[in-house]
Number of protein chains: 2
Amino acid sequence: MAASAKKASSSKKTAAPSKTTANLAIDRVSEPVEDYLKAIYDLAGKSGTASTNDVAARLNVAAASVTGMIRRLASQGLLEYERYRGVRLSETGRVVALRTIRRHRVIETYLTEVLGYPWDRVHDEAERLEHAASDELVDRMATSLGNPTSDPHGAPIPTADGQMDERRHQTLAELDIGTRARMVRVSDKNPGLLRYLAEIDLTPGTEVQVLARAPFDGPITLQVGDTEPVVGQGLAVQVLVEEVQDET
Amino acid sequence: MAASAKKASSSKKTAAPSKTTANLAIDRVSEPVEDYLKAIYDLAGKSGTASTNDVAARLNVAAASVTGMIRRLASQGLLEYERYRGVRLSETGRVVALRTIRRHRVIETYLTEVLGYPWDRVHDEAERLEHAASDELVDRMATSLGNPTSDPHGAPIPTADGQMDERRHQTLAELDIGTRARMVRVSDKNPGLLRYLAEIDLTPGTEVQVLARAPFDGPITLQVGDTEPVVGQGLAVQVLVEEVQDET
DNA sequence: TCACATTTTTAGCGGAGGCTAAAAATAAAG
DNA sequence: CTTTATTTTTAGCCTCCGCTAAAAATGTGA
Ligand SMILES: [Mn+2]
Ligand SMILES: [Mn+2]
Ligand SMILES: [Mn+2]
Ligand SMILES: [Mn+2]
């Protein structure tokens with residue numbers, strides 16, 4: 001809960017404009033900065049730190065560019081940085097990242113639910129809109145959707161005050177044969193995969209079971225509804241699932 | 001050329017990718033560029049040209065910055081420019097401007113009609129979203145609104161293929177006493193004015209009549225519905241109206 | 001421990017889009 | 001037709017955010 005007691009990141013306007021709650025009036029940052037913070041947020045994952053190279057790969061920029069940006073972000077108090085030692089978001093940085101993620105995911109949900117976008121094309125649109133939409137707009141969208149808790153790909157949506165379900169899930173590749181499970185989530189970054197999943201009806205919420213698994217990472221036979229699609233290991237490791245205990 | 005390694009790789013792939021209709025596949029330009037083109041589009045108006053100073057004032061940038069940007073835009077073929085002689089949009093520039101204007105106005109309409117935004121706060125939001133929303137998204141919004149022809153402030157919405165109603169209108173200040181007219185349009189850039197207009201129910205579509213006009217630009221007494229608000233000249237010149245001929 | 005591989009940083013550069021101050025061109029007034 | 005005022009451009013500078021090439025730090029395998 002450290003209320004971002006960092007140093008003087010906010011210029012020299014007023015000492016403390018309004019800090020009633022935690023800290024909602026964080027200076028709005030640029031589009032690239034929001035994308036860096038998002039990338040770092042989810043690369044860091046549990047270890048807490050992200051490497052220069054990973055960030056570079058994720059954002060499709062040169063490693064040198066990442067070093068440069070990282071230095072600026074550190075000087076703004078958005079992250080902690082020690083040369084050669086990776087980077088870790090500060091509390092402020094985490095808040096900014098989570099709000100950007102919230103905007104992204106609410107927008108994706110709105111686009112599919114209300115405007116009829118197919119789930120394989122919302123990501124690119126959201127990747128740009130997330131930087132332009134105000135929190136108010138996003139909250140209006142969320143409200144009109146009934147405050148959904150996950151986006152079309154099953155990713156959890158942070159609440160307006162920055163809480164997010166951080167549960168880890170097993171992949172379809174790890175699922176024991178015969179175990180009943182529910183499809184929970186898949187990455188939103190591969191449109192082809194998403195289209196294929198939609199085709200075999202393997203979307204978040206759907207029940208799925210592994211019927212057979214050929215050795216040496218061979219094909220995996222599934223049961224989805226009353227079809228039995230056979231998928232590869234490459235797909236299975238991308239799909240997150242959750243065991244479902246049948247209640248009487 | 002170096003910087004275009006990944007993103008703007010569109011440059012010189014094929015001479016003419018697809019030019020079936022007029023020219024719909026125009027390289028997407030930056031946010032500042034879109035704002036310059038919009039500003040020039042409507043400053044130029046009928047005369048066709050806009051001055052450096054006017055553009056600067058409209059965009060809140062220094063005149064020197066405008067000169068710099070103008071040179072770049074001219075070199076990209078978005079406008080025609082002769083030193084000291086003002087600037088005029090090229091056909092390409094006009095197309096880009098109109099599409100940006102379409103996005104802006106459809107977004108404003110969507111925000112008020114669907115998401116319940118008050119009409120005095122949609123402009124700022126649209127000013128940012130217009131650069132991030134794809135034409136597809138905007139077309140989906142337009143479709144779901146039934147393809148409206150004007151935005152919440154009465155400004156005409158260009159069609160997807162770039163047609164826009166360019167009619168000029170008289171202002172409330174010019175309206176003859178006793179003439180029945182319909183409120184048509186008001187600038188979207190002054191939230192206070194918009195709130196006041198909403199308060200006296202003077203919104204696009206509403207019938208209005210000038211009952212009296214005090215001399216020397218004095219107060220103007222209106223009839224709006226069954227109220228008789230008295231407004232100043234400053235307001236009256238901002239409100240565009242259209243005479244309404246009563247049909248039997 | 002030493003040599004090589006990998007990762008990261010530094011150095012230097014470029015374009016976009018801002019700025020201010022000064023110079024130049026154009027327009028307005030006497 | 002000058003002189004002055006206004007408008008516009010130039011010159012020079014800045015920040016942000018990219019890039020490449022080279023140097024430095026860190027990690028690894030013999
Ligand atoms: Mn996404
Ligand atoms: Mn983004
Ligand atoms: Mn507007
Ligand atoms: Mn804008």
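All chains are named by letter (A, B, ...) in the order of the sequence lines, taking the proteins before the strands, and each is independently numbered beginning at 1.
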Is a donor on one side and an acceptor on the other found under 3.5 Å between the side chain of [X] and the backbone of [Y]?
| X | Y | answer |
| --- | --- | --- |
| B/Y36 | B/L59 | no |
| B/S90 | B/G77 | yes |
| A/R103 | A/L129 | no |

- Message: It should be established whether B/N53 places a side-chain nitrogen or oxygen under 4.0 Å from OP1 or OP2 of nucleotide D/dT8.
- Response: yes

- Query: Phosphate oxygens OP1/OP2 of D/dC16: is one of them under 4.0 Å from a side-chain N or O of A/S30?
  - Reply: no

- Counterpart residues, salt bridge (Lys or Arg N to Asp or Glu O under 4.0 Å), relative to A/D217 (two or more places apart): none

- Do B/R102 and B/D161 meet the salt-bridge criterion of a basic N to acidic O distance under 4.0 Å?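 B/R102 and B/D161: not salt-bridged.
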
- Item | Check ion pair A/K189-A/E127 (N to O, under 4.0 angstrom) |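 Looking at A/E127 together with A/K189, the answer is no, because their closest N to O distance does not fall below 4.0 Å.
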
Rounded off to whole Å, could you give me the [atom1]-to-[atom2] distance for the [X] and [N] pair?
| X | N | atom1 | atom2 | answer |
| --- | --- | --- | --- | --- |
| A/Y36 | D/dC17 | OH | P | 9 Å |
| B/L37 | C/dA16 | CG | P | 15 Å |
| B/E31 | C/dG17 | CD | C1' | 12 Å |

- Message: Short of 4.0 Å, heavy atom to strand atom, which residues of residues 63-86 of chain B count as contacting DNA chain C?
- Response: B/A64, B/S65, B/M69, B/R72, B/Y84, B/R85

- B/S51 vs A/V33, nearer the 5' end of DNA chain D by closest nucleotide: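 Its nearest nucleotide lies further toward 5', so the answer is B/S51.
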
